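Presented below is the structure to which this report refers.
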Amino acid sequence: MHVLVTGGAGFIGSNYVRRLLDGRSDITPDRVTVLDKLTYAGNRANLAPVAAHPALRFVEGDIADPRLVPDLLSDVDAVVNFAAETHVDRSIRDSAEFVRTNVLGTQNLLHAALEAGLPRFVHVSTDEVYGSIDEGSWTEEWPLDPNSPYAAAKAGADLLVLAYARTHRLNVGITRCSNNYGPYQYPEKVVPAFVTTLLRGGTVPLYGDGLNVRDWLHVDDHCRGIDLVLAEGAPGEVYNIGGGREMTNRELTGLILEACGADWSSVRPVPDRKGHDRRYSLDDGKLRALGYRPRVAFEEGLAGTIAWYRDNPAWWQPLTLGSAA
Ligand code: NAD
């Protein structure tokens, strides 16, 4: 089996590629091609543990490139599409790249997939497409109601993916996952931003009242869910991936402070993010019916993640140069 992983030099995509090649996955491809544009968030070092693997090929390029993508798809059995602009705060400042990569890039992949007769296309999406929910949890049938430009661009891509399934019978699957944490996450996202700042003795910013709720899932559990959808997901279906651990940003901050040996004097309140979603919560019963269960307990996963950042300053220090500690 030949798998094309787009965005495979980013945080989750590289975890997925390492997993495919280091024997953790039940899927044992004989070839893995990574297509990644190497934006600020893409990093070849994320693939260092498998860089010498004979089954791995790395292609630096853009999922929105209409000349490159058809060539790459000519002999591929499955695409897993992680490539995206992913940081909400950046999308609030300027959303142009979000629409270009997340919407037009996905459309370019879908068009090429159709032309190539691709057997399976898995699109990695997010719970943020559902908007914000005060009580209860979203099932896959919930209407899309995104708030940030990032989430709106992801929702646009989801609708295109479903349209290719309904119109053309392209064999697609969509995953919508909650917030991920783990090693190799770019240090602009909250967990690595807080951890690397505290390790440098700095203060961390807490948005608004800190009571926004997120459902945290270890990246290994997310990738295990994607494997399952790739192998056993029904054509044209959406699968939520969650069930990690719901908590407020204050609780998350408290756990990170404790694990880093710091206290609340290292936290400075900052004005809330514009349009900040209050709560995300997923019902992932549909994937659980296929056998999915998250395996990494949050405290254990957080401790392992902090240990990784503590042990790998050479990975993150160049990425935090110039940022206030
Ligand atoms: P990331 O920002 O760490 O990595 C994105 C990768 O995509 C980078 O390697 C980047 O170079 C690449 N890329 C960007 N534009 C590209 C383009 N035009 N062509 C080719 N490559 C391009 O993101 P991540 O956190 O690993 O997220 C991966 C996917 O998972 C995204 O689709 C995101 O929406 C989704 N997701 C993320 C989370 C989370 O908590 N991080 C949660 C749910 C879903």
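Since this is a predicted model, take the numbers as computed values, not measurements. Atoms within a ligand are numbered from 1 in the order they appear, just like the ligands themselves.
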Within ligand 1, which atoms have a heavy atom of [X] less than 4.0 Å away?
X      : result
Leu38  : 11 (O)
Asn179 : 40 (O)
Thr86  : 1 (P), 2 (O), 23 (O), 27 (O), 31 (C), 33 (C)
Gly61  : 19 (N), 20 (C)
Ala83  : 7 (O), 20 (C), 21 (N), 22 (C)

Check your understanding: Cation-pi between Arg214 and Tyr181: NZ/CZ under 6.0 Å from ring centre and within 45° of the ring axis?
Key ->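 Here Arg214 fails the 6.0 Å and 45° test against Tyr181.
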Check your understanding: Within 45° of the six-membered ring axis of Phe98 and under 6.0 Å from that ring's centre, is NZ or CZ of Arg90 located there?
Key ->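 Not flagged: Arg90 not positioned over aromatic ring of Phe98.
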Looking only at protein heavy atoms, identify the closest one to [atom] and say how far it is in Å.
atom                    : answer
atom 9 (O) of ligand 1  : Asp36 OD2, 2.6 Å
atom 32 (O) of ligand 1 : Lys154 NZ, 2.7 Å
atom 43 (C) of ligand 1 : Cys177 O, 3.4 Å
atom 40 (O) of ligand 1 : Asn180 N, 2.9 Å
atom 21 (N) of ligand 1 : Lys37 N, 3.1 Å
atom 3 (O) of ligand 1  : Phe11 N, 3.1 Å
atom 15 (N) of ligand 1 : Thr101 CG2, 3.5 Å
atom 19 (N) of ligand 1 : Ile63 N, 3.0 Å

Location of contacts on [X] toward ligand 1, heavy atoms closer than 4.0 Å:
X      : result
His87  : neither
Asp127 : neither
Ser14  : neither
Ser125 : backbone

Check your understanding: Checking side-chain hydrogen bond (donor to acceptor under 3.5 Å, both in side chains) against His222, which of Asp227, Asn180, Asn179 comes through?
Key ->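 Result: among Asp227, Asn180, Asn179, Asn180 is the only option passing the side-chain hydrogen bond (donor to acceptor under 3.5 Å, both in side chains) with His222.
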With a cutoff of 4.0 Å, is [X] in contact with ligand 1, counting heavy atoms of the residue only?
X      : result
Ala9   : yes
Phe82  : yes
Asp62  : yes
Tyr150 : yes

Any donor-acceptor pair under 3.5 Å linking the side chain of [X] with the backbone of [Y]?
X      : Y      : result
Glu237 : Ala234 : no
Thr167 : Tyr164 : no
Asn249 : Leu211 : no
Asp77  : His2   : yes

Check your understanding: If hydrogens are left out, which of Ala84, Gly7, Ser178, Ala41 has an atom nearest to atom 14 (C) of ligand 1, that is, the closest non-hydrogen atom?
Key ->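 Residue with the shortest heavy-atom distance to the ligand atom: Ala84.
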Check your understanding: Which residue from Val129, Val191, Ile12 reaches closest to atom 27 (O) of ligand 1 through any of its heavy atoms?
Key -> Ile12
**Study point:** Ring centroid separation Tyr207 to His276 under 6.0 Å
**Key:**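 Under 6.0 Å, so yes.
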**Study point:** Aromatic ring proximity Tyr186/Tyr40, centre distance under 6.0 Å
**Key:** yes
Point to revise | Check: Glu97 and Thr39 side chains under 4.5 Å, non-hydrogen atoms | key: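 Result no, sub-4.5 Å side-chain heavy-atom pair not found.
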Point to revise | Between NE2 on residue His111 and CG on residue Leu104, distance to nearest 0.5 Å | key: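 These two atoms lie 13.5 Å from each other.
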Check your understanding: Is a side-chain donor-acceptor pair under 3.5 Å present for Arg176 with Tyr130?
Key ->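 Judged by distance alone, the side chains do pair up.
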Review point. Are a donor atom and an acceptor atom from the side chains of Tyr280 and Asp277 found within less than 3.5 Å of each other?
Key: yes
Practice item. Return a yes/no value for Thr39: is any of its N or O atoms, backbone included, closer than 3.5 angstrom to an N or O of ligand 1? Key: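 Yes.
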Practice item. Return the orientation label for the Tyr16 and Phe82 ring planes: parallel under 30°, perpendicular over 60°, tilted otherwise. Key: tilted
